Amino acid sequence: MKDSHSPDRSITTINPATEETLATYPLMSDAEMRDAVEACHAAFNVWRLTAHEDRAKVLRAIAKGLRDRKEDFAKLMTREVGKRLSDSRDEIDLCAAICDWTADEGPKVLADEERALQDGRRGIVTKAPVGVIYGIQPWNFPAYQAVRYTIANLMAGNGVLLKHASNCTGSGLMLRDILEEAGLPENLFTVMLIDHDQSDALIGHSLVRGVTMTGSAGSGSKIAAKAGEHLKKTVMELGSNDAYLVLEDADIDLAVKTCITGRLYNNGQTCVNAKRFIVADKVYDAFVKDYVRAMENVTLGDPTEADTDLGPMARKDLRDTLHQQVRESVAKGATIATGGSVPEVTGYYYPATVLTDVHPGQPAYDEELFGPVASVIRARDDADAMRIANDSRFGLGGGIFSRDEDRAIALAKTHFDTGMVFINHFNLATPEMPFGGVKDSGYGREHGGFGMLEFVNAKAIALPGLK
């Protein structure tokens with residue numbers, strides 16, 4: 001890594017479908033980084049005094065701006081990370097919906113609470129913004145990952161810094177432009193073009209009051225430890241190997257169709273993708289036969305074409321890591337039912353792949369496969385399926401397929417050790433519901449109003465009782 005004072009440091013973005021260079025961006029110097037933090041804090045000192053309803057108006061304008069720029073933004077994301085153009089458009093729609101929902105619900109979530117104290121005094125709980133929040137975000141959803149924490153914190157009255165993944169730098173900068181064109185004060189949302197060493201220094205900056213990160217468990221552990229050195233609160237949304245249970249009474253056609261989408265959405269590169277498919281023995285053969293056939297028919301190709309089912313992975317190193325996990329799993333007893341080889345084409349493509357005979361000790365069982373590879377695991381019965389689902393260090397999301405919805409709800413409530421459970425369908429995130437995990441999948445919650453309260457000061461104000 002070049003010295004952070006060197007003037008020639010830069011980021012270069014590459015189109016993963018064509019391997020062509022897109023753009024080059026200079027990194028900030030240490031002095032520029034400090035100036036950016038101070039400018040964001042100055043903007044926060046004005047914004048924190050803005051009424052909730054006025055903040056909401058800006059968020060609604062941001063939603064409009066996202067919709068107005070949807071096509072340009074979607075095409076840029078597809079060029080930078082290889083996601084299908086239709087998925088990129090869906091992502092912008094979700095971001096706009098988050099802005100609208102937060103604008104509608106934010107004033108209620110953040111309103112003061114009056115409480116009668118036991119000794120007759122009067123209490124007020126006010127939710128005060130704390131300052132500048134630093135977000136470290138990945139590349140798989142270039143708009144959504146940034147919007148998810150940004151909009152909640154802007155509604156709460158905080159300032160926001162974004163260190164985006166280097167391969168979607170252009171998307172981070174376009175988001176900044178859309179926010180400011182919508183009326184957000186300049187510098188209140190700032191994109192930090194910095195390296196890892198500078199990022200560690202930024203976490204320790206006295207004006208940074210909280211850190212939120214989405215990424216791998218390993219990276220999250222390091223960033224949380226660094227923040228802990230400086231007594232900074234953190235929210236961590238980390239990886240997972242989400243299990244989808246196909247129980248004995250499942251609708252197999254529905255399960256197969258849904259599990260194709262659940263595994264391949266966003267080219268299989270989503271923390272809450274369906275990854276492990278745990279199938280009761282009674283329906284195992286029927287599920288595997290139909291699932292493998294469907295995966296064999298997946299069209300790999302140009303992410304800008306409407307008939308493409310699966311685009312490239314975002315980077316060559318990610319594709320190579322996934323392939324190594326497949327090879328290691330096979331060496332330890334897994335069977336490739338379809339796929340599993342790197343195509344000899346331009347671009348970082350990997351085919352839709354199904355592994356069977358998956359057991360503990362294999363990467364396909366123990367690790368997160370961040371790409372279009374499905375791990376199918378046979379369970380003795382429904383109870384064994386639930387046991388296998390929880391036999392993981394991760395706990396972000398999961399799914400249950402069963403015709404008995406009440407039973408599935410009971411399993412989800414009582415036995416599934418994850419932050420989210422989807423019954424008889426697959427989904428990613430919705431503005432109305434909390435998003436986050438347990439165990440090595442992290443802590444803290446976003447969406448559903450919870451994200452607005454992660455970085456506020458729940459300030460207690462007490463007054464004498466009535467005389």
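The model shown is predicted, which means the values in this text are computed figures rather than measured ones.
- Ring planes of Phe435 and His447: perpendicular class, angle over 60° (limits at 30 and 60°).
- Side-chain contact of Ser166 with Tyr25: a donor-acceptor pair under 3.5 Å is absent, judged by distance alone.
- In this structure, Lys275 is not positioned above the aromatic face of Phe370 in the sense of NZ or CZ being under 6.0 Å from the six-membered ring centre and within 45° of the axis.
- Look at Glu328 and Lys332 and you find a salt bridge, because one of the NZ, NE, NH1 or NH2 atoms lies within 4.0 Å of a carboxylate O, short of that distance.
- Note on ring orientation: taking the six-membered ring where Trp is involved, the planes of Phe287 and Tyr291 are parallel (angle under 30°, cut-offs 30° and 60°).
- Shown here is Arg327, whose CZ atom has no more than 12 heavy atoms of other residues, nucleotides or ligands within 6.0 Å.
- Shown here are the side chain to side chain donor-acceptor pair (under 3.5 Å) partners of Thr78, two or more places apart in sequence or in another chain: Ser88.
- Across every non-hydrogen atom of Asn427 and Val272, the tightest pair is O-CG1, 4.3 Å.
- Distance check: Ser341 OG to Tyr350 OH gives 7.0 Å after rounding to the nearest 0.5 Å.
- Rounded to the nearest 0.5 Å, atoms CG (Asp391) and CG (Asp417) are 11.5 Å apart.
- Contacts of Thr258 classified as side chain to side chain contact (heavy atoms under 4.5 Å, CB included), with partners at least two apart in sequence or in another chain: Leu254, Phe401, Phe426.
- For Ala337, the side chain to side chain contact (heavy atoms under 4.5 Å, CB included) test picks out Val292, Val354, Thr356, with sequence neighbours left out.
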